[in-house]
Amino acid sequence: MINRMIAGILPYMPKKLVWIFSKKYISGENMSDAMRESVRLNAEGCSVTLDVLGEHINMLSEAESFKTQYIEVIEQFSSRKILGNISLKPSMFGLLLDKEVCYSNIRDILQVAVKYDNFIRIDMEDSTCTDDEIALYNRLRSEFPNHVGLVLQAYMHRTLGDVKAMMSDPTVSSPLNFRLCKGIYIEDKSIAFKGYQEVRDHYLEDLELMLKNNIYVGIATHDRYLVDQAILLVEKLQIPKERYEFQMLFGVNSNLRRSLVKRGFPMRVYVPFGTHWFSYSTRRLKENPHMVWHILKALFVRG
Ligand SMILES: Cc1cc2nc3c(=O)[nH]c(=O)nc-3n(C[C@H](O)[C@H](O)[C@H](O)COP(=O)(O)OP(=O)(O)OC[C@H]3O[C@@H](n4cnc5c(N)ncnc54)[C@H](O)[C@@H]3O)c2cc1C
């Protein structure tokens with residue numbers, strides 16, 4: 001209740017104040033901030049995936065500047081020899097306005113990614129986007145195998161079925177590459193699992209199916225239980241390190257991240273940057289008021 005109230009009033013607070021809450025989770029407003037943090041994370045033994053903040057555009061023309069920024073990220077990664085790829089949200093390329101334009105925008109970025117031997121991860125948004133984002137992924141992966149991947153959310157009832165359907169789709173033969181996360185949006189119980197352990201159980205069920213079927217998996221979680229179970233699973237199935245990586249968000253649970261890197265597990269950090277951090281932070285908080293606790297903790301418990 002209190003979380004919900006704080007999340008509700010944050011959009012009306014001064015930007016400078018909200019920045020104090022948000023800066024732990026965002027590398028900065030400029031691409032140079034994201035590059036600086038990427039170099040630092042590479043030196044710590046982590047690869048990165050960069051996210052230009054922004055989603056749900058209202059006019060198709062707004063997608064252009066996002067496209068330019070993503071292309072520049074790929075070019076800078078190459079020229080500065082940074083180990084990283086990009087993550088993007090189809091709604092910021094027009095998914096909800098014109099699917100064809102969205103496809104063509106992301107295709108333009110993918111062509112640059114192929115030129116520099118890079119990779120694009122399509123983030124998964126709320127359930128109104130799931131069908132379209134799966135369709136977009138299938139279309140792009142048939143054209144650009146090995147250069148595009150999708151996120152799947154373990155809290156969705158449909159996920160195991162979606163994986164099986166993509167595994168057996170006779171029209172697309174390119175390899176599958178998923179990031180598996182719990183899912184961050186508030187969804188109805190008719191389509192999403194709600195229990196904490198229930199989501200974990202489905203996460204492990206999805207993960208096992210993926211690992212057993214030669215699918216590359218980004219194991220995206222800060223949940224120590226899931227990390228431990230995932231390690232047991234990759235060891236039991238003897239999955240080589242080229243077939244999976246752990247993924248964590250910038251600013252979250254860096255102790256767990258460092259301990260995994262120290263043990264030799266591949267790790268990628270999701271690094272958001274951009275001028276849209278204010279709307280991103282306030283919207284995220286409204287979607288998931290539990291985050292308020294993490295943010296308040298970040299403010300008071302430094303380090
Ligand atoms: C790399 C990456 C990419 C993602 N991409 C997507 C996506 O495309 N679509 C989508 O719906 N969701 C995405 N998510 C979010 C994900 O779905 C979860 O909401 C989020 O990761 C929290 O789940 P958890 O597995 O870490 O478990 P939780 O049970 O939520 O967290 C486990 C523990 O981690 C810590 N923790 C978790 N989050 C935070 C935080 N923000 N601040 C401080 N501590 C925290 C807490 O100590 C908590 O107890 C992504 C997550 C990651 C790591």
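Counting starts at 1 for both ligands and their atoms, in listed order. These numbers were taken from a predicted model, which means no experiment stands behind them.
Considering each of His222, Arg268, Lys182, the one bringing a non-hydrogen atom nearest atom 28 (P) of ligand 1 is Lys182. Of the candidates Pro272, Gly251, Cys181, Cys181 brings a heavy atom nearest to atom 16 (C) of ligand 1. For the residues Arg200, Glu133, Arg179, the heavy atom positioned nearest atom 4 (C) of ligand 1 is part of Arg179. Residue nearest to atom 52 (C) of ligand 1, selected from Leu256, Val252, Val227, Leu249: Leu249 (by heavy-atom distance).
Taking hydrophobic clusters as Ile, Leu, Val, Met, Phe, Trp and Tyr residues chained together by side-chain heavy-atom distances below 4.5 Å, Tyr216 does not share a cluster with Ile86.
No salt bridge links Glu44 with Arg268; every basic N to acidic carboxylate O contact stays at or beyond 4.0 Å. The pair Lys212-Glu208 meets the salt-bridge criterion, since a charged nitrogen lies less than 4.0 angstrom from a carboxylate oxygen.
Side-chain contact of Ser174 with Ser142: a donor-acceptor pair under 3.5 Å is absent, judged by distance alone.
Of the residues Ile122, Asp123, Ile219, the one that meets the side-chain contact (heavy atoms from CB on, under 4.5 Å) test with Arg179 is Asp123.
Residue-level proximity to ligand 1 for Asp123 is carried by backbone and side chain together, each with a heavy atom below 4.0 angstrom. With a 4.0 Å cut-off on non-hydrogen atoms, Gln153 touches ligand 1 through its side chain and not its backbone.
Looking at residues two or more places apart in sequence or on another chain, you find no salt bridge (Lys or Arg N to Asp or Glu O under 4.0 Å) involving Arg121.
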Could you give the side-chain donor-acceptor pairs of residues 198-206 under 3.5 Å, partners two or more places apart or in another chain?
residue	atom	partner	partner atom	Å
Glu198	OE1	Lys194	N	3.4
Glu198	OE1	Gly195	N	3.0
Arg200	NE	Asp223	OD2	2.8
Arg200	NH1	Gln197	OE1	2.9
Arg200	NH2	Asp223	OD1	3.1
Arg200	NH2	Asp223	OD2	3.4
Asp201	OD1	Gln197	NE2	3.0
His202	ND1	Glu205	OE1	3.4
Tyr203	OH	Leu180	O	2.8
Tyr203	OH	Ala220	N	3.2
Tyr203	OH	Ala220	O	3.4

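Between Val151 and ligand 1, no N or O atom pair is found at a separation short of 3.5 Å. For ligand 1, one of its N or O atoms has an N or O atom of Gly183 under 3.5 Å away. Any N or O atom pair closer than 3.5 Å counts here, and Tyr185 shares no such pair with ligand 1. Residue Thr221 places at least one N or O, backbone or side chain, under 3.5 Å from an N or O of ligand 1.
Heavy-atom proximity to Met248, at under 4.0 Å, picks out these atoms of ligand 1: 53 (C). Atoms of ligand 1 found under 4.0 Å from any heavy atom of Gln247, numbered from 1 in the order shown, are 1 (C), 53 (C). Interface of Tyr270 with ligand 1, defined as ligand atoms under 4.0 Å from a residue heavy atom, comprises 1 (C), 3 (C).
Between Phe93 and Tyr70, the angle of the ring planes lies from 30° to 60°, which puts this pair in the tilted group.
Under the 4.0 angstrom criterion for non-hydrogen atoms, Tyr196 is in contact with ligand 1.
At least one donor-acceptor pair closer than 3.5 Å links the side chain of Glu62 to the backbone N or O of Asn58.
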